[in-house]
Participant: 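Sharing a structure here in structure tokens format.
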Amino acid sequence: MALARSIWERGAPPVGTPAEVYARSRGISMTLPPTVRFVMTPRWRDSETGEVGRDHPAMVCALVDAPGRVVGVQCIFLQDGGRRKYERLREDGSKAKAKLTFGVIVGSAFRIGPPSDHIVICEGPEDGLTLRQQLPDTTVWVACGTALMSRVSLPSSIHRVTLAGDNGSAGLAAVDQATAAYLDAGIAVNAIFPDDGFKDWNDQLRGVRG
């Protein structure tokens, strides 16, 4: 949590930075929320020795717990001035992750919009920004993980949740699991999905069929 907070505190407003360039490249034209910043931070850290790699540019999203405290961050690492996500092939041929999350992940969420008794919960930051842009009067919380959609800790002020799932078996399973979890907690639930042919909400925004 201390590392996550230090990353967040070193961040700057996204206007005019690669974070804004990245958002625009994903079809996000709205003003980015205060829960988004731009930061230069290492991708690699050795927890035993304290060694760190070189800084990389990243869009950083604050992960907030139920009482409203920043307890984690998700960094979307960028290249080409923010025009695309970080890409690198490891020696074994696998791709290095463009998104890395630090701090408390389970239960926290990237929040977009003011407090509300009805929120939309989705999987990824790009989808969250897309949904907020398309539904400007709706508050969106991003679980930052498909399997985490059912595990967001909600304050007692929230009475209704809309689950904005991805298409495909993993997205359907995540929505089913989250529906059961929130209904058990006494919260009203409904679900929405992108149109057929689109993997997620941001792909639908950009017209990218997968």
Side-chain angles (χ1 to χ4, degrees), residues 1-14 17-20 22-23 26 28 32-79 82 85-86 88 95-115 119-129 131-132 139-158 161 163-164 166 170 174 177-178 181-182 185 202:
M1 190 187 301
L3 172 59
R5 285 176 171 165
S6 71
I7 293 172
W8 178 249
E9 288 164 3
R10 288 190 288 107
T17 72
E20 184 178 51
Y22 176 68
R26 300 298 296 246
I28 308 300
L32 294 176
T35 45
V36 171
R37 292 180 180 176
F38 171 73
V39 72
M40 296 291 297
T41 192
R43 285 181 40 80
W44 172 82
R45 291 175 168 83
D46 188 316
S47 59
E48 294 184 0
T49 66
E51 292 180 277
V52 297
R54 67 182 180 87
D55 284 347
H56 289 271
M59 171 190 280
V60 59
C61 304
L63 301 182
V64 177
D65 66 4
R69 302 169 299 185
V70 175
V71 294
V73 292
Q74 181 165 90
C75 294
I76 305 174
F77 287 93
L78 308 169
Q79 59 189 48
K85 290 189 290 189
Y86 176 88
R88 182 177 65 83
K95 288 185 177 181
K97 291 183 178 179
K99 295 180 181 179
L100 296 176
T101 309
F102 305 96
V104 178
I105 304 169
V106 177
S108 61
F110 164 43
R111 300 183 183 184
I112 312 167
I119 63 169
V120 172
I121 297 178
C122 67
E123 186 273 330
E126 296 91 344
D127 286 339
L129 292 167
L131 288 160
R132 174 66 179 178
T139 293
V140 181
W141 287 18
V142 182
C144 291
T146 302
L148 298 175
M149 287 181 66
S150 63
R151 304 182 69 183
V152 177
S153 296
L154 304 181
S156 59
S157 57
I158 293 177
V161 166
L163 299 169
D166 290 353
Q177 185 177 28
Y182 296 124
N202 187 251

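Everything quoted here is computed from the prediction, not taken from an experiment.
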Participant: Between Leu154 and Val161, is there a side-chain heavy-atom distance shorter than 4.5 Å?
Facilitator: yes
Participant: Supply the atom-to-atom distance Lys99 NZ to Phe77 CZ, rounded to the nearest 0.5 angstrom.
Facilitator: 12.5 Å
Participant: State, to 0.1 Å, how close Ala23 and Met59 come at their nearest heavy-atom pair, and which atoms those are.
Facilitator: CB-CE, 4.0 Å
Participant: Rounded to the nearest 0.5 Å, what separation is found between the CD1 atom of Ile28 and the CD atom of Glu20?
Facilitator: 12.0 Å
Participant: With a 3.5 Å distance limit and no angle check, can you tell me whether Arg10 reaches the backbone of Met40 through a side-chain donor-acceptor pair?
Facilitator: yes
Participant: Search all heavy atoms of Ile7 against all heavy atoms of Cys75 and return the closest pair with its distance.
Facilitator: CG2-SG, 4.1 Å
Participant: Do the side chains of Phe102 and Leu63 get nearer than 4.5 Å, heavy atoms only?
Facilitator: no
Participant: Using a 4.5 Å cut-off on heavy atoms from C-beta on, say whether the side chain of Thr139 contacts that of Val120.
Facilitator: no
Participant: Look only at the side chain of Arg5 and the backbone of Val70, and say whether a donor-acceptor pair between them is shorter than 3.5 Å.
Facilitator: yes
Participant: Side chains of Thr49 and Arg45: any donor to acceptor distance under 3.5 Å?
Facilitator: no
Participant: Would the number of heavy atoms belonging to other residues, nucleotides or ligands and lying under 6.0 Å from CD of Gln177 be above 12?
Facilitator: no
Participant: In the structure I gave you, are the side-chain heavy atoms of Trp44 and Glu51 within less than 4.5 Å of one another anywhere?
Facilitator: yes
Participant: Mind listing the closest non-hydrogen atom pair of Trp8 and Cys61 along with its distance?
Facilitator: CZ3-C, 4.3 Å
Participant: Counting heavy atoms not belonging to Arg151, are there more than 12 under 6.0 Å from its CZ?
Facilitator: no
Participant: Quick check: do Cys144 and Ile105 have side-chain heavy atoms less than 4.5 Å from each other?
Facilitator: no
Participant: Roughly how far, to the nearest 0.5 Å, is the CD1 atom of Ile121 from the CG atom of Leu131?
Facilitator: 12.0 Å
Participant: About how many Å separate CG of Leu78 and OH of Tyr86, when rounded to the nearest 0.5 Å?
Facilitator: 12.0 Å
Participant: Salt bridge between Glu9 and Arg37, side-chain N to carboxylate O under 4.0 Å?
Facilitator: no
Participant: To the nearest 0.5 Å, tell me how far His56 NE2 sits from Leu100 CG.
Facilitator: 10.0 Å
Participant: First locate atom CD1 of Ile76, then atom CZ of Phe38, and finally report the distance between them rounded to the nearest 0.5 Å.
Facilitator: 12.5 Å
Participant: Evaluate side-chain contact (heavy atoms from CB on, under 4.5 Å) for Val60 paired with Gln74, printing each intermediate quantity in order.
Facilitator: CA-CA 6 Å; Val60 59; Gln74 181 165 90; over 6 Å; no
Participant: Kindly indicate whether the side chain of Leu129, heavy atoms from C-beta on, has any atom under 4.5 Å from the side chain of Pro33.
Facilitator: yes
Participant: Verify side chain to side chain donor-acceptor pair (under 3.5 Å) between Glu126 and Tyr22, making sure each step is shown before the conclusion.
Facilitator: CA-CA 10 Å; Glu126 296 91 344; Tyr22 176 68; 2.6 Å; yes
Participant: Using every non-hydrogen atom in the two residues, find where Leu3 and Ser6 come nearest and quote the distance to one decimal.
Facilitator: O-OG, 2.7 Å
Participant: Check the pair Ile112, Trp141 against side-chain contact (heavy atoms from CB on, under 4.5 Å), reporting the backbone distance first and the verdict last.
Facilitator: CA-CA 6 Å; Ile112 312 167; Trp141 287 18; over 6 Å; no
Participant: So do Asp166 and Asp127 actually touch side chain to side chain, heavy atoms under 4.5 Å?
Facilitator: yes
Participant: Counting N and O atoms only, with roles assigned by atom type, does the side chain of Asp65 sit under 3.5 Å from a partner on the main chain of Ser108, one being a donor and the other an acceptor?
Facilitator: no
Participant: Could you tell me whether the side chain of Lys85 reaches within less than 4.5 Å of the side chain of Arg26, counting heavy atoms only?
Facilitator: yes
Participant: Quick check: closest heavy atoms across Val73 and Ala62, and the distance to 0.1 Å?
Facilitator: CG1-CA, 4.5 Å
Participant: Can you name the nearest heavy-atom pair linking Pro125 to Val142, along with the distance?
Facilitator: N-CG1, 3.5 Å
